[in-house]
*Asks:* 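The structure under discussion is supplied below as structure tokens; questions concerning it will follow.
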Amino acid sequence: MSIRVLLVDDQPLLRLGFRMILSTQPDMDVVGEAGDGVQAVAMAAALVPDVVLMDVRMPVADGIEATRGIVGSGSAARILVLTTFDLDEYVWAALRAGASGFLLKDVQPADLTGAIRSVAAGDAVVAPRVTRRLIDAFAGHLPDPAAGVSEAERLLEGLTVREREVLVEVARGRSNLEVAAVLSLSEATVKTHVGRLLMKLGLRDRVQIVVFAYEAGVVRRGGS
């Protein structure tokens with residue numbers, strides 16, 4: 001079955017370029033194109049894509065609003081944010097809104113198609129260390145953890161000691177293999193714990209685990 005992709009960018013030539021790349025892939029199908037966030041939300045609801053390639057800086061409604069709208073609608077579509085700069089404050093906001101990762105607009109074709117396959121399969125495509133670098137760069141913009149401490153504490157209390165240990169290591173930017181080495185676990189066991197964290201915390205993917213940990217104050221800037 002083909003992966004259904006919705007392209008969202010206000011630059012027609014960029015959309016054309018992405019469409020040409022994806023058209024060469026036998027397992028991908030571009031089901032639509034949108035030029036702004038309002039169109040993106042409407043088309044995501046109508047076309048039911050598996051993956052949305054979402055520009056963040058657009059007229060009418062930007063990619064952050066569109067991401068929030070798509071995620072809030074209950075759509076199962078996974079969202080990959082497209083940006084020109086890898087430390088873009090818009091990207092941070094989009095990750096908080098529910099995006100599954102981000103790609104630079106000059107991404108190589110093989111990396112683009114690989115990323116689409118990864119998120120369609122339920123994974124996040126932002127490398128852990130890149131995620132940490134992005135969060136560290138914008139940590140000063142995070143809300144005071146005390147503002148939502150009661151809800152965060154309630155969710156944290158539902159975790160086992162081991163799950164909380166895994167949460168901390170994931171938030172520090174470690175891969176499953178690295179977490180396994182630090183905690184003396186198998187990689188498969190770590191993957192199971194990550195899955196339980198997603199379920200218990202009501203999160204979509206690994207990126208959201210990192211965001212939750214920082215905003216809940218479990219991990220501070222600098223990895224402490």
Side-chain angles (χ1 to χ4, degrees), residues 1-126 130-131 134-135 138 141 202-208 211:
M1 181 178 295
S2 294
I3 299 171
R4 298 168 57 82
V5 182
L6 173 63
L7 303 178
V8 183
D9 197 296
D10 66 335
Q11 299 182 49
L13 286 179
L14 275 177
R15 296 201 307 269
L16 175 61
F18 287 130
R19 177 183 281 275
M20 290 176 64
I21 292 171
L22 300 189
S23 68
T24 66
Q25 304 301 304
D27 61 338
M28 296 182 189
D29 181 23
V30 176
V31 296
E33 298 182 20
D36 61 61
V38 172
Q39 291 179 351
V41 174
M43 294 182 74
L47 301 175
V48 195
D50 300 303
V51 176
V52 179
L53 291 183
M54 179 76 75
D55 187 18
V56 286
R57 300 178 184 235
M58 296 182 294
V60 184
D62 62 25
I64 300 166
E65 292 181 55
T67 296
R68 189 175 294 116
I70 293 171
V71 172
S73 73
S75 170
R78 311 282 288 182
I79 299 171
L80 279 175
V81 174
L82 297 169
T83 181
T84 304
F85 306 103
D86 64 349
L87 289 181
D88 187 335
E89 61 184 0
Y90 282 79
V91 173
W92 165 240
L95 294 177
R96 290 181 61 197
S100 295
F102 72 90
L103 297 171
L104 296 179
K105 286 190 174 182
D106 61 357
V107 61
Q108 294 298 308
D111 293 332
L112 172 65
T113 55
I116 290 172
R117 292 186 182 97
S118 292
V119 296
D123 296 326
V125 300
V126 181
V130 177
T131 304
L134 181 70
I135 290 177
F138 294 102
H141 298 287
L203 305 175
R204 286 166 62 93
D205 53 41
R206 190 185 197 89
V207 172
Q208 293 296 294
V211 172

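In this text the structure is predicted, and so the values were computed from the model without any measurement. We number each residue from 1, following the sequence as shown.
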*Asks:* Below 4.5 Å, heavy atoms only, C-beta onward: do V8 and M58 meet side chain to side chain?
*Replies:* yes
*Asks:* Determine the minimum heavy-atom distance between D50 and S2, stating which atoms define it.
*Replies:* OD2-O, 3.8 Å
*Asks:* Just how far is it from atom CD1 of I21 to atom CG of L16, taken to the nearest 0.5 Å?
*Replies:* 10.0 Å
*Asks:* What are the two closest non-hydrogen atoms of A94 and V56, and how far apart are they?
*Replies:* CB-CG1, 4.4 Å
*Asks:* Could you report the tightest heavy-atom contact between A77 and V52, atom names first, then the distance?
*Replies:* CB-CG2, 4.1 Å
*Asks:* Working note: L7 + L22, criterion side chain to side chain contact (heavy atoms under 4.5 Å, CB included); need CA distance, chi angles, decisive distance, verdict.
*Replies:* CA-CA 10 Å; L7 303 178; L22 300 189; 4.1 Å; yes
*Asks:* Find the distance between CG (D62) and CE (M54) and round it off to the nearest 0.5 Å.
*Replies:* 9.5 Å
*Asks:* Could you note down all residue pairs passing side-chain hydrogen bond (donor to acceptor under 3.5 Å, both in side chains) where residues 64-74 supplies at least one of them, sequence neighbours left out?
*Replies:* none
*Asks:* Please report the shortest heavy-atom distance between V5 and P49, naming the atom on each side.
*Replies:* C-CB, 4.4 Å
*Asks:* Let me check something: any side-chain donor-acceptor pairs from residues 102-114 under 3.5 Å, sequence neighbours excluded? List them with distances.
*Replies:*
{"from": "K105", "atom 1": "NZ", "to": "D9", "atom 2": "OD2", "distance (Å)": "3.2"}
{"from": "K105", "atom 1": "NZ", "to": "D55", "atom 2": "OD1", "distance (Å)": "3.2"}
{"from": "K105", "atom 1": "NZ", "to": "D55", "atom 2": "OD2", "distance (Å)": "3.3"}
{"from": "T113", "atom 1": "OG1", "to": "P109", "atom 2": "O", "distance (Å)": "3.1"}
{"from": "T113", "atom 1": "OG1", "to": "A110", "atom 2": "O", "distance (Å)": "3.1"}

*Asks:* Working to the nearest 0.5 Å, report the span between CZ of R15 and CG of D10.
*Replies:* 8.0 Å
*Asks:* Sequence neighbours excluded, which residues qualify as salt bridge (charged side-chain N to carboxylate O under 4.0 Å, His left out) partners of D205?
*Replies:* R78
*Asks:* How far does CD of E33 sit from CG of L53, to the nearest 0.5 angstrom?
*Replies:* 11.0 Å
*Asks:* Could you list the donor-acceptor pairs under 3.5 angstrom formed by side chains in residues 35-47, with sequence neighbours left out?
*Replies:*
{"from": "D36", "atom 1": "OD1", "to": "V38", "atom 2": "N", "distance (Å)": "2.9"}
{"from": "D36", "atom 1": "OD1", "to": "Q39", "atom 2": "N", "distance (Å)": "2.9"}
{"from": "Q39", "atom 1": "OE1", "to": "G35", "atom 2": "N", "distance (Å)": "2.7"}

*Asks:* Enter the distance from Q208:CD to S100:OG here, rounded to the nearest 0.5 Å.
*Replies:* 7.5 Å
*Asks:* Under the side-chain hydrogen bond (donor to acceptor under 3.5 Å, both in side chains) rule, collect the residues that match up with D27, sequence neighbours excluded.
*Replies:* R117
*Asks:* Could you work out, with side-chain hydrogen bond (donor to acceptor under 3.5 Å, both in side chains) as the rule, every residue matching R4, not counting sequence neighbours?
*Replies:* none
